[in-house]
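Okay, structure first, notes after.
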There are 2 protein chains.
Amino acid sequence: MGEDVGKDLSNFAKPYVTVDMVIFTIASSELKVLLVKRKVQPFKDKWVIPGGFVNIDQSLREAAMSKLAEKTGVKDVYLEQLYTFGDPKRDPRGRVITVSYFALISSEHIALKSSEEYNATWHSFTKLPPLAFDHKEIIDYAFKRLKWKFEYTTVAFSLLPKKFTMSQLQELYEIVFGTSFDKRNFRKKILSLKILEEQEVMRNVSFRPPQLYSLKANLGEIVNIL
Amino acid sequence: MGEDVGKDLSNFAKPYVTVDMVIFTIASSELKVLLVKRKVQPFKDKWVIPGGFVNIDQSLREAAMSKLAEKTGVKDVYLEQLYTFGDPKRDPRGRVITVSYFALISSEHIALKSSEEYNATWHSFTKLPPLAFDHKEIIDYAFKRLKWKFEYTTVAFSLLPKKFTMSQLQELYEIVFGTSFDKRNFRKKILSLKILEEQEVMRNVSFRPPQLYSLKANLGEIVNIL
DNA sequence: ACAAAAGTGTTCGATATACACCCATGT
DNA sequence: ACATGGGTGTATATCGAACACTTTTGT
C-alpha cells in the first residue's frame with residue numbers, strides 16, 4: 001500500500017466483522033431455526049445462530065456459505081443477505097459488526113445428515129430459547145423478511161422438495177403466515193401464476209393420489225405471488 | 001478483554017469498515033444523486049458517493065448520519081440501511097467492507113444551503129458520470145429499493161415539502177417510475193388511503209389554486225400505497 | 001378573453017373472496 | 001365399506017384501468 005494507490009488506511013481503527021445466519025427449514029409442520037449452543041464465555045450455554053469471523057480474503061457471501069456448510073453439510077440452499085448490525089455494544093468482547101444472512105433449507109436436505117453431528121439443533125420458531133447477543137433481534141428481522149419474500153417471490157419453493165403437492169405448498173404458506181387459506185382459491189391463485197410444471201402422480205398412498213408439481217426451471221426470483 | 005469475557009479476538013484479521021450513502025433528492029423535475037469528486041488516489045478525480053470510515057465507538061447509523069450532515073448540513077431526513085458490500089477486491093487499498101445507506105432529502109431542505117459549500121454536487125440520476133469503486137452498483141441497488149419503497153410505503157413524502165399539492169406528488173411518482181399516471185385514478189388511489197390531511201389552498205397563482213395536503217403525522221412507515 | 005393547471009365520475013374488465021361436495025386410493 | 005386426504009366451480013364484491021370536460025384564478 002504505497003503512494004501509488006494513495007493514502008493508506010493504517011490509522012483507522014478496525015472493528016471485527018462476522019457473518020451470522022438465520023437458517024430456516026420446515027419439519028413436523030413447524031418452522032424451525034438452526035441454533036448452536038455456546039461453549040465459551042461470553043454467554044456460555046446460551047444459544048446463538050451459526051456464524052463466525054469473515055476471512056480477510058473471503059467475500060461476505062462466501063463466508064456465509066462456508067459457515068452454512070460447516071453447520072449443515074448442505075450446499076444447495078437459498079441464501080440472502082439480511083441486514084448489518086453494528087451497535088458498538090452488541091458484543092462485550094469489543095467492536096464486532098455482523099452481517100446477517102438468511103438461508104432456507106429444503107426439508108429433503110435436512111433429513112440427509114443429522115444436524116447434531118454438526119453441533120447444531122433445530123428449534124421451533126415459536127418456542128425459541130434465550131439467545132445471546134442481539135440474535136433474537138436478528139431472527140425477528142429474518143422472519144419479517146421471510147414473510148415478505150413469501151408474499152412476493154418464489155422463495156417458498158426452496159423449503160420444499162423438488163417435487164411437491166399443492167397441499168404441501170399450501171401448508172407451508174399457512175405455517176409461515178399463521179393463517180389458513182381456502183384450498184380452491186389457493187390452488188387457483190398458484191396455478192394462475194403458471195410457474196409450476198405437472199410431474200407424475202404420487203404412488204402408494206391410501207387416499208386419492210395427489211398430483212406432484214415442480215417449479216419451472218427458468219424463473220427469475222421475483223414473481224409477485226399471492 | 002480478559003478470561004472473564006472468554007476467548008479474546010486478537011488473532012482474527014480485521015477489515016476496514018466504511019459507510020457509503022446514496023442520497024436522493026428531487027430538483028428541476030429530476031431525480032438527483034449527491035456525489036463527491038475524489039481528490040486523492042486511488043480513483044483520483046472520479047466521482048464517489050459520500051461516505052467514510054466508521055468510528056470505533058459509533059453505531060453504523062450514527063456514522064451514516066454524521067457523513068450526511070457533513071455533506072449536506074441537513075439533519076431531518078429519511079435514512080435506511082441498504083446493503084453491505086464486501087468483495088475482497090472492491091477497494092485496491094485493502095479489505096474494505098462498506099455498509100451502504102440510502103437517504104431521501106426533501107426539496108425544501110436542499111435549497112437551504114448550497115451543496116457546493118460541502119464539496120458535493122447533485123447529479124441527475126439518468127446522467128451519472130463514471131464512478132469509482134463499486135459505487136455504480138450501490139446506486140443501482142439504491143434505486144431499485146427506492147422504487148420498491150415508493151410502491152409499498154410512504155417514503156415518497158420525505159422528498160416533498162411538508163405541504164404539497166396532488167400534482168407535485170403525482171409528478172414525483174412519475175419521475176421515479178418513469179411513466180405517467182392518469183390524474184383521476186392517481187388522486188382517487190391516494191385519497192382512498194386516508195393518509196393525507198387537507199391544508200389551506202395555495203394563494204397567488206395564476207390558475208385555479210390547488211389544495212395543499214400534508215401527510216398525517218401518526219403513520220407507521222409501511223402503508224401499502226399504489 | 002385567455003392561459004394555465006386543478007379538479008371531477010362512470011363504465012368495464014380483472015381479480016379476490018366466500019362457500020360445499022364428490023373423487024380415488026389402500027386397507 | 002370406510003377412512004383419508006385430493007380435487008373441483010360458481011356467484012359476488014372489490015379493485016384497477018380507461019377515458020374528456022369543466023373550474024378557478026391572474027393577467
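As the structure is a prediction and not an experimental result, all values here were calculated from the model.
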>> Test of understanding: with side chain to side chain donor-acceptor pair (under 3.5 Å), list the residues that count as partners of B:Glu174, not counting sequence neighbours.
In response: B:Gln170
> Looking at DNA chain C, which of residues 163-182 of chain B put a heavy atom within less than 4.0 Å of it?
Replying inline: B:Ser167
Shorter than 3.5 Å, N or O on both sides, protein versus nucleotides 14-16 of chain D: list them out with atom names.
from: D:dG16; atom 1: OP1; to: B:Lys189; atom 2: NZ; distance (Å): 3.1

Take the angle between the ring planes of [X] and [Y] and call it parallel below 30°, perpendicular above 60°, tilted in between.
X        : Y        : answer
B:Trp47  : B:His123 : perpendicular
A:Trp148 : A:Tyr152 : tilted
B:Phe181 : B:Phe177 : perpendicular

> With respect to B:Phe157, which candidate in B:Tyr173, B:Phe164, B:Tyr213, B:Tyr78 satisfies the ring-ring contact (aromatic ring centres under 6.0 Å, His included) definition?
Replying inline: B:Phe164
> Which heavy atom in A:Val19 sits nearest to a heavy atom in A:Thr98, and how many Å separate them?
Replying inline: C-OG1, 3.8 Å
> At their closest point, which heavy atom of A:Phe125 faces which heavy atom of A:Phe24, and how far apart are they?
Replying inline: CD1-CE2, 4.3 Å
> Which nucleotide span of DNA chain C, 5' end to 3' end, has atoms closer than 4.0 Å to non-hydrogen atoms of chain A?
Replying inline: C:dA16 to C:dG26
> Under 3.5 Å, side chain of A:Gln211 to main-chain N/O of A:Gln199, donor-acceptor pair present?
Replying inline: yes
>> If I take atom CD1 from residue A:Ile190 and atom CE from residue A:Met166, how far apart are they, to the nearest 0.5 angstrom?
In response: 6.5 Å
Between N or O atoms, less than 3.5 Å apart, protein on one side and nucleotides 20-27 of chain D on the other: list the pairs.
from: D:dA20; atom 1: N1; to: B:Arg184; atom 2: NH1; distance (Å): 3.4
from: D:dT23; atom 1: O4'; to: B:Arg208; atom 2: NH1; distance (Å): 3.4
from: D:dT23; atom 1: O2; to: B:Arg208; atom 2: NH1; distance (Å): 3.3
from: D:dT24; atom 1: O2; to: B:Arg208; atom 2: N; distance (Å): 2.6
from: D:dT25; atom 1: O2; to: B:Ser206; atom 2: O; distance (Å): 3.2
from: D:dT25; atom 1: O2; to: B:Phe207; atom 2: N; distance (Å): 3.3

> Rounding to a whole Å, what distance do you find between A:Asn185:CG and D:dT12:P?
Replying inline: 16 Å
>> I'd like to know whether the aromatic ring centres of A:Phe102 and A:Tyr141 sit less than 6.0 Å apart in this structure.
In response: no
>> According to salt bridge (Lys or Arg N to Asp or Glu O under 4.0 Å), who are the partners of A:Asp140, at least two apart in sequence or on a separate chain?
In response: A:Lys136
>> Checking B:Lys127 against B:Glu30 for the salt bridge (charged side-chain N to carboxylate O under 4.0 Å, His left out) test, could you report, in this order, the C-alpha distance in whole Å, the side-chain angles of both residues, the deciding distance, and whether it holds?
In response: CA-CA 11 Å; B:Lys127 291 169 272 178; B:Glu30 283 188 315; 3.8 Å; yes
